[in-house]
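Protein chains get the first letters and strands the later ones, always in sequence-line order, with residue 1 at the start of each.
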Amino acid sequence: MKEYEHLKLEKKWQILWEKKGIYHAQNNSKKPKYYSLIEFPYPSGDGLHVGHPRPYIGMDIISRKRRMEGFNVLYPIGWDAFGLPTENYAIKTGKDPRAVTKKNTDTFRRQIKSLGVSFDWSREINTTDPKYYKWTQWIFLQFLKKGLAYKAKIAINWCPKDKTGLANEEVVGGVCERCGTPVEKREKEQWMLAITKYAEKLDKDLDTVDYLPQIKLAQRNWIGKSEGAEIEFLVGKKIVKVFTTRPDTILGATYLVLAPEHELVQKLKDKIKNWNEVEKYIKEIKNKTDIERTAEDKTKTGVELKGIKAINPANKEEISIWIADYVLATYGTGAIMAVPKHDERDRDFAQKYNLPIVDKPLVDAKEITKKVGGKMVVKFKLRDWVFSRQRYWGEPIPVIHCEKCGIVPVPEKNLPVELPKIKNYEPTDSGESPLANISKWVNTKCPKCKGKAKRETDTMPNWAGSSWYYLRYADPKNKKVFADKKNLKYWTPVDWYNGGNEHTTLHLLYSRFWHKFLYNEGLVSTSEPYKKRTAHGMILGEGGVKMSKSLGNVINPDEIVKIYGADTLRVYEMFMGPFNQSVAWSTESIIGARRFIEKVWRIGKGISENQKNFSGPRFSEAPNPGQAVQNSSDFLSIRKLFHKTIKKVTEDIEEMHFNTAISAMMILATEMEKTEKIETEDFKKFLQILSPFAPHITEEIWSILGEKKSINVSLWPRWDKDLIQDENVKIVVQINGKVRTEIFIKSDEKEEEIKEQTIKNEVVLRYLAGGEAKKIIYVKNRLINIVV
RNA sequence: GCCCGAGUGGCGGAACUGGUAUACGCGCACGACUUAAAAUCGUGUCUCGUAAGGGAUGUGGGUUCGAUUCCCACCUCGGGCACCA
């Protein structure tokens, strides 16, 4: 056996694995299936940085373990390649976004392959491929058919820098999620998807999936279900409907507040005596950005609608009506009954404008609602999804505007509507997509009446392609349907989906919505797309700051692979900290992972050259993995340690506790090296449990030891229950809760005997001198505490 | 403001269900090997104390034979939501 040359060795196996296609998922297999998924990357021009592979390696470990457990594993990858960075780059350089995407995906593919991740590359997909987005457009047409895609003139979030509309989910703290520019409001005709129709299901069905609790919670908060009552207040002959979660406080309602945009305000114009003042206020509010409206120290403002009054239906009292910016037009009914006694916001407002605060008694919520003719209702904070973008690099919305027929869907047989190649990708200030300038493409015939018509020039948001990509993996090359039903039935749902927390209320929610719609249409076989969802932490730059080009602290995995090898990088990334937590990169610390890998190589070498081979256990006791090894290897059974380590690694992988799994294997490796002889079969089991983490070196040693088949298709080792039991156990002796000494006992020894034995111990006697043991607490195989 | 999550050596982090706090790794120090260096191996490495022993898991209390773990109050950091009636 030669020296460890990671570059040669890793390349060799990567080529061989690819040639044999051992990571290809089989569509017709008798094995049980396992579908593991990572969020497919956006192929940016900067290439991979060391943060990208962390989730890939994590799920790779799960996938490799599943293969060895006998599953037919689908672990696919593709490219979520539509989006602004590529388009902006195209604008700057005058290059075709297609060419830019090709170049970027080539780089990403090469880099990911160099890490030995066991993706099934035969199923690679790309959202910008017309063969793919044909089906994104097709699904849109299904939404349209069912009335869930509709056009509406609404005030949308407009990013003046990116010159495009944004969904609510893409606005973070009043600024554009992507570029940080403060978002403006613009009235525009937009395509909308009626995600709110699924609000109830999206909320309720969270009970049926295995997501991390904080992910469920974040989705629940975003959907924002609340139960309350709609109650009507009479205003002259007109009616104001309010929504309240506290109908029981209605006797304390001393005024009404409408959102400034509330329709009734305009309708009552004639009766409002201070109309000039009211109109001025409405105008002021309209010109405010979200940031100004929600500024922290902002006090509430409002204007009374003088000349009109409302009647509280519970006690028939006349109360005043106000408009104020603290009431939102987009939630509930856009109007509230103000109860300053019980609601802090109403109280603030009442105090500022000297409105009555009365302490009327509480009444039964349901009874009073019924009595005043109201009804119990459920409201959601979730808004419909603004689905139009006024940019080039996205899926064209497959719709035609006909002068006579109105909106006409592009016939399914004419899909895909391909993006035309153009020279200028610059978005326009008018808020139109650059596609609007391509008259040759825009002007078309109406599919219905064959008359003059124009194509829709808005494109879809980059969340469109990613809302269903996991379905396409089940059947990525199908030309007739988005995926064959049989394949969908076999592969879905995704068994384990790992991704970033930043997608909880975006991609994760959107794709659940699409999936539920497709399920309703009978097009997919499960009501939820993902059975289990976990999240990984980010890798930060050295010192704990974000890795970014502007800070110049981005680490390229290419360099690490070159210097240390893919196996070392993989082990390091899994070892550096808990998988679900952010950790700072430390190039200095990688050496630890490399030393471990080299140690494994040395032991393998020793065994293959027959210097370390041995049969039968030599020692009698082993420490627990993760516990201190008390040097004396004569005392340890290396074989027991093998089995304890198999157990620990097997269990830790399932919990994504990769760091502690590696720690246990490091302990075992250190012990192996200290031990003169090791049984080859035991060592092979160690190679197997290490192989998901370090697939190349383990495959190499595996083959050197005479195995003909890949370690990837070997059977995951089991631990021997008897071997992980210790006959002799060390227990700690405490006196008054302080550790004083330790004794060794047989693990099956009776409690009484142990206690007796302890009392006679000389150290214990010394502490007992004069006093007497009041109480003795024994915790099996752990400790004994004597209270004096 | 509200809701999550976290706070442990010089650093990244361990600790099952309340049971030896600081595993594993980095760094550092010393030693072995070497002409030397690197690599590797070994030993040590929370803190005060010569020792016996004492003190430390953000701070202050509590429950318990025993608390990093449970409870209460507070501080700091990270994340989410943010006038949602």
Side-chain angles (χ1 to χ4, degrees), chain A residues 172-174 212-215 217-218 220-222 224-226 228 242-246 249 257 293-294 296 298-300 324-328 330-339 342-346 348-349 379-383 501-502 504-505 537 543-544 571-572 575-578 580-593 595-596 598-599 602 623-629 631 648 651 657 659-667 670 673-674 730-742 773-788:
Chain A
V172 177
L212 290 178
Q214 64 267 32
I215 297 176
L217 198 74
R220 285 226 153 90
N221 288 341
W222 187 263
K225 180 177 177 171
S226 77
V242 307
F243 173 67
T244 175
T245 52
R246 297 290 307 273
T249 64
V257 188
R293 267 187 93 142
T294 57
E296 270 189 46
K298 190 183 166 306
T299 55
K300 294 176 178 50
D325 62 347
Y326 82 95
V327 172
L328 307 174
T330 48
Y331 183 74
T333 59
I336 61 157
M337 62 177 207
V339 185
H342 290 280
D343 186 287
E344 213 177 309
R345 294 156 301 179
D346 296 342
D348 286 349
F349 192 78
K379 298 279 180 195
F380 296 93
K381 289 184 202 170
L382 189 69
R383 302 269 71 88
N501 277 322
E502 70 276 19
T504 302
T505 55
V571 168
Y572 174 63
F575 182 66
M576 60 197 297
N580 60 2
Q581 218 169 280
S582 296
V583 216
W585 180 262
S586 163
T587 299
E588 196 182 59
S589 301
I590 299 173
I591 191 69
R595 283 178 189 149
F596 168 61
E598 283 176 2
K599 190 178 279 185
R602 281 198 306 271
N624 287 311
Q627 281 187 359
V629 175
N631 61 59
K648 173 133 183 86
E651 291 172 352
H657 293 164
N659 53 338
T660 50
I662 292 169
S663 151
M665 289 189 282
M666 283 173 165
I667 292 168
T670 303
E673 199 161 42
K674 274 195 227 159
K730 183 180 84 180
I731 64 169
V732 166
V733 180
Q734 293 185 335
I735 291 163
N736 287 338
K738 283 198 195 296
V739 180
R740 294 305 177 188
T741 184
E742 49 196 38
K774 262 192 212 158
K775 200 172 167 187
I776 302 176
I777 293 136
Y778 174 63
V779 182
K780 196 167 188 323
N781 292 347
R782 277 202 188 274
L783 110 178
I784 186 157
N785 187 14
I786 302 169
V787 187
V788 184

When rounded to whole Å, the CD1 to P distance for the pair A:I591 and B:C11 reads 22 Å

Less than 4.5 Å apart, side chain to side chain, heavy atoms only: is that true for A:F243 and A:S226? yes

B:A85 P sits how many Å from A:K300 NZ, rounded? 14 Å

Please verify the inter-ring angle class for A:Y326 with A:F349; under 30° counts as parallel, over 60° as perpendicular, anything in between as tilted. tilted

Taking only N and O in the side chain of A:Y331, is any of them less than 4.0 Å away from OP1 or OP2 of B:A85? yes

For A:V583, answer base if it contacts any base atom (sugar-phosphate contacts may also be present), sugar-phosphate if it contacts only those atoms, and nothing otherwise; contact means non-hydrogen atoms under 4.0 Å. sugar-phosphate

Please classify the nucleic acid contact of A:T505 as base, sugar-phosphate, or nothing, using heavy-atom distances under 4.0 Å. nothing

Write down the distance between CD (A:E344) and C1' (B:G1), rounded to a whole number of angstrom. 8 Å

Work out how far the C1' atom of B:A14 is from that of B:A6, and round it to whole angstrom. 16 Å

Proximity to the side chain of A:T670 - top-ranked nucleotide from B:A85, B:G25, B:G19: B:G25

Mind calculating the distance between CZ (A:R595) and C1' (B:C26) to the nearest angstrom? 8 Å

Return the nearest nucleotide to the side chain of A:R602; candidates are B:G19, B:C41, B:C83. B:C41

Is the distance from OP1 or OP2 of B:G19 to the nearest side-chain N or O of A:K738 less than 4.0 Å? no

Rounded to whole angstrom, note down the C1' distance from B:C30 over to B:G78. 40 Å

Which nucleotide in the set B:G27, B:U20, B:A85 lies at the smallest distance from any side-chain heavy atom of A:I336? B:A85

Phosphate OP1/OP2 of B:C4 contacted by A:N221 side-chain N/O (<4.0 Å): no

Side chain of A:Q214, heavy atoms from C-beta onward: which of B:C4, B:A85, B:C83 has the nearest atom to it? B:C4

Starting at CD1 of A:I776 and ending at C1' of B:G66, how long is that distance when rounded to a whole Å? 15 Å

Please tell me which of the listed nucleotides, B:C24, B:G53, B:C65, lies nearest to the side chain of A:F575? B:C24

Nucleotide nearest A:P578 when distance is taken to its side chain, options B:U20, B:G13, B:A85: B:G13

Using the C1' atom on both, measure B:G13 against B:G61 and round to a whole Å. 29 Å

Expressed as a whole number of Å, how far does the C1' atom of B:G42 sit from that of B:A52? 30 Å

With a non-hydrogen cut-off below 4.0 angstrom, is A:R740 in contact with a base, only sugar-phosphate, or nothing? sugar-phosphate

From B:C81, B:A14, B:A85, pick the nucleotide closest to the side chain of A:T660? B:A14

Base, sugar-phosphate, or nothing: which does A:N501 touch, judged by heavy atoms less than 4.0 Å apart? nothing

Whole angstrom is fine here: how far is it from CD in A:Q581 over to C1' in B:A6? 7 Å

Quantified in whole Å, what is the C1' atom distance between nucleotide B:U59 and nucleotide B:U68? 15 Å

I want to verify a distance call: between B:C65, B:C3, B:C26, whose nearest atom is closest to the A:V787 side chain? B:C65

Side chain of A:S663, heavy atoms from C-beta onward: which of B:C4, B:A85, B:A23 has the nearest atom to it? B:A23

Take atom CG of A:L783 and atom C1' of B:G19, then tell me their distance rounded to the nearest Å. 5 Å

Between B:C71 and B:G27, how far apart are the two C1' atoms, rounded to whole Å? 39 Å

Taking pairing as Watson-Crick or G-U wobble with both contacts under 3.5 Å, can you name the mate of B:C2, or confirm there isn't one? B:G80

Starting the side chain at C-beta, find the nucleotide from B:A21, B:C4, B:G25 nearest to A:L217. B:C4

How far does the P atom of B:G7 sit from the matching atom of B:U57, given to the nearest Å? 13 Å

Let me know the distance between NZ of A:K780 and C1' of B:C16, rounded to the nearest Å. 16 Å

Taking the side chain from A:Y572 and the backbone from A:S586, do they hold a donor-acceptor pair closer than 3.5 Å? yes

What about A:R220: does its side chain form a donor-acceptor pair under 3.5 Å with the base of B:C81? no

C1' spacing across the pair B:C65 / B:G10, given as an integer number of angstrom: 36 Å

